[in-house]
Amino acid sequence: MEIVVNGRPQSWTGRVTVLEVVRSLLDDRFDGVAVAVNDEIVPRDEWADFELSHLDRVEVVTAVQGGDDEPLVIAGEKIGSRLIMGTGGVPSLEVLAKVLTASGADLVTVALRRVEPGARGSILDVVEAAGCRVLPNTAGCYTSRDAVLTARLAREALGTDWIKLEVIADERTLLPDPVELLDAAERLVGEGFVVLPYTNDDPVLARRLEEAGCAAVMPLGAPIGSGMGIRNPYNIRMIVEQASVPVILDAGIGTASDAAIAMELGCDGVLLASAVTRAEHPELMAAAMAKAVEAGRLAYLAGRIPRRLYAKASSPTEGVPEFG
Amino acid sequence: MTRVVVVGGGVIGLAVGWRCAQQGWQTAVVDPHPGRGASWAAAGMLAPVSEATFGEDRLLALNLESARMYPDFVAELERTTGMEVGYRRCGTLMVARTFDDVAALERLHRFQLDLGLEATWLESREVKHLEPALHPSVRAGVLVPGDHQVDNRRLVEALAVACRKEGVEGIEGEVAEVEPGRGVRLADGRQVPADWVVVAAGWRSADLPGLGFRPPVRPVKGQLLHLRDDPRFPLTERTVRGFVEGRSFYLVSRGDGRYVLGATVEEKGEDLSPTAGAVYELLRDCIEVLPGAEELQLAEVVVGLRPGTPDNGPILGQVGPGLVLATGHYRNGILLAPITAEAVRCVIAGVPVPSEVEGFGPERFEEVG
Ligand SMILES: Cc1cc2nc3c(=O)[nH]c(=O)nc-3n(C[C@H](O)[C@H](O)[C@H](O)COP(=O)(O)OP(=O)(O)OC[C@H]3O[C@@H](n4cnc5c(N)ncnc54)[C@H](O)[C@@H]3O)c2cc1C
């Protein structure tokens, strides 16, 4: 039997109740959790008896106080923030340190081709001093071969299997080369890497990357450094709906609202660099991004109202509370 | 008599040594290869305005003040040495190639105007009229009339001569340990006694034993090219800074057929090897903006290590009794030589440093507790 839980299809065999679905997501932490099946709220005391049918749509929503719901998990690792920071374009190491603190980022990606891992007092030291984890990336690679070599180098130098895979088609657009990307992803997964590919906003390619064993998919909103926001939100939604690995929006973010939109679309996280590092006041923008990612996430969990052409009074006219 | 020993004989150490000796202090400059570090590799731009970026207002004020001191500094140096150091008031032309580059340049220009800096926006026609060597596709420019240049190699050579004339003892050797208030010990065992030690060892200032802390200075690799043409038909006579598809380069014309094309900024540790990619990218971007550059002779590929600090500003000031730091000049050491030498002189003489230097002391970093 197929049901759709929080927008993602799941298969269950035999009888399944709402309670079982909630348990599978949240163990027994039911505080502040609300459930709707096909847009109808199911009260807590009915969960155990409410049997789901084929193609039911289940929304499990956590009402959170101030904080996030559950942590982002990639390849079984909890990531402390849904905002992942890049380091490209930082004007100084001091600004980098401030930006990392203000962003609350846990994972920070660094271009291995541009930074000598052994150099003291350099970018990697700042990232570590800020208490962040380094996610090496293969920025600057144009072929699968170069990307695989860079990933191996990163593993040797930094002792991590994690790699943000970038294979760029040309310098002008910095768009991913899908053929080389998939090839590199397959090879790196084969070598035991945890691969996080930077990909086009192409749902089919995203699916292929997931099938190849990538631990997340990271579609672009717009070209790197363009600050154009999310040019094809429909594709991002399709990618989110299909994926069973985390979807991280990577590239294109120009300002805070772009990051919020990514999260509202259901992305599990946002990766950005230029929008912060090249802002007039990078530290302020980093703080703005942290709030935007959180706000977007909460809005996604809260479930937005449908868009309507005509007004609808916000207070009920007949004295009856509305649900759904 | 006050005795001063300066560790490092780059542009900073030599300028400091010269100024100290002028005070009548007994001065020595120690360096195994004087004048062959970053100061030899640099491009020699004196460019406070075209280098100004967001969030570095205090550094800008320091740079501007040192640029203001330059004419007198050079005049005095040329007078005492009889040498010519290529101080050229040539101005700098910033140009943008693509639509996106124009937007980036516009943003920078607004920032320049907000700060009250001298800079003029030029439309496509105007910029090409001013600089006919530009590719027709160049869309706009900003003329910065006050950003000049000096021939940094001639400058360090002249400073070395000025030091000698003023009685500075030049010691070819490597400092193995600093003994604040007492002097330094060299790698070959020699002692150089002094009341004051001035650390001006560029990026290697971080690793000097005996300081009691590690100044937060790191090497930041820069590659540039020396190019040549027939001085009778010069490609250009000013400094052109090009913005090309989000990247940038500068071409400094010495006005005598010599050019400097730079530069990369790389976090590569102590690596001093020239790379194919740097040569390619610098030439490609330059030729896109100044097609005539294709005809230039390639004379030299130069690699240097800038002394970088966490906030891009220099580390200038006293740390403890008898110990002064004058390092971390990152991208502006040539420009900052006059004000640095003056600041060190003030510290040792016990008089207030120029106000622009305040806030650049070592105490702003945690490492220097
Ligand atoms: C490619 C490039 C382009 C640049 N362009 C410009 C520019 O256009 N304008 C500008 O203003 N700046 C520019 N710079 C920056 C400028 O070159 C530096 O900031 C400046 O040269 C620093 O001077 P310094 O004397 O501190 O260092 P250096 O010139 O590196 O001198 C340090 C000296 O210390 C000596 N030393 C080290 N350890 C010891 C020891 N233990 N004992 C004794 N001596 C020791 C070394 O031998 C060396 O000679 C550029 C730099 C590079 C690399």
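Reminder, nothing fancy here: chain letters follow the sequence lines and each chain counts from 1.
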(message) Using a 4.5 Å heavy-atom cutoff, which residues in residues 98-107 of chain B come close to chain A?
(response) B/Thr98, B/Arg107
(request) Check whether any side-chain heavy atom of B/Pro274 lies under 4.5 Å from a side-chain heavy atom of B/Val279, and answer yes or no. (result) no
(request) Ignoring hydrogens and angles, tell me if any N or O in the side chain of A/Asp177 forms a donor-acceptor pair with the backbone of A/Glu180 under 3.5 Å. (result) yes
(request) Could you check if a side-chain atom of B/Val303 sits within less than 4.5 angstrom of a side-chain atom of B/Ser273, using non-hydrogen atoms only? (result) no
(request) Find out whether B/Val49 and B/Glu118 are in side-chain contact, i.e. whether some heavy atom of one side chain is under 4.5 Å from a heavy atom of the other. (result) no
(message) Keeping A/Asp250 on the side-chain end and A/Met218 on the backbone end, is there a donor-acceptor pair under 3.5 Å?
(response) no
(message) Any non-hydrogen side-chain atom of B/Leu305 less than 4.5 Å from a side-chain atom of B/Leu272?
(response) yes
(message) Are the side chains of B/Tyr250 and B/Leu224 in contact, using a 4.5 Å heavy-atom criterion?
(response) yes
(message) Taking 4.5 Å as the heavy-atom cut-off, does anything in residues 160-176 of chain A contact chain B, and if so which residues?
(response) A/Glu171, A/Arg172
(message) At a heavy-atom distance under 4.5 Å, which candidate from B/Glu266, B/Glu270, B/Arg247, B/Lys221 has the highest pair count against chain A?
(response) B/Arg247
(request) Can you measure from CG (A/Leu272) to CE (A/Met289) and round to the nearest 0.5 angstrom? (result) 5.0 Å
(request) Indicate yes or no: does B/Arg218 engage A/Asp125 in a salt bridge with an N to O separation below 4.0 Å. (result) no
(message) Check whether B/Thr309 reaches the backbone of B/Gly313 with its side chain - one donor and one acceptor, N or O, closer than 3.5 Å.
(response) yes
(message) Looking at every non-hydrogen atom in both residues, tell me the closest pair between A/Leu83 and A/Ala286 and how far apart they are.
(response) CD2-O, 4.4 Å
(message) So that I can tick it off, tell me whether B/Glu51 and B/Arg241 are bridged by a salt bridge, with the cut-off set at under 4.0 angstrom between side-chain N and carboxylate O.
(response) yes
(message) Only heavy atoms, only distances under 4.5 angstrom. Which residues in residues 130-140 of chain A are near chain B?
(response) none
(request) Can you check whether anything in residues 87-108 of chain A gets within less than 4.5 Å of chain B, heavy-atom wise, and list it by number? (result) A/Pro91, A/Ser92, A/Leu93, A/Glu94
(request) Without swapping roles, check the side chain of A/Asp258 against the backbone of A/Thr255 for a donor-acceptor pair under 3.5 Å. (result) yes
(request) Check whether any side-chain N or O of A/Arg152 sits under 3.5 Å from a backbone N or O of A/Leu149 as a donor-acceptor pair, and report yes or no. (result) no
(message) Between A/Asn235 and A/Asp201 (side chain of the first, backbone of the second, donor and acceptor by atom type, cut-off under 3.5 Å), is there such a pair?
(response) yes
(request) State whether A/Arg187 and A/Asp183 are salt-bridged, where the test is any N-O pair (Lys NZ or Arg NE/NH1/NH2 against Asp/Glu carboxylate O) under 4.0 Å. (result) yes
(request) Indicate yes or no: at least one non-hydrogen side-chain atom of B/Arg204 is less than 4.5 angstrom from one of B/Leu208. (result) no
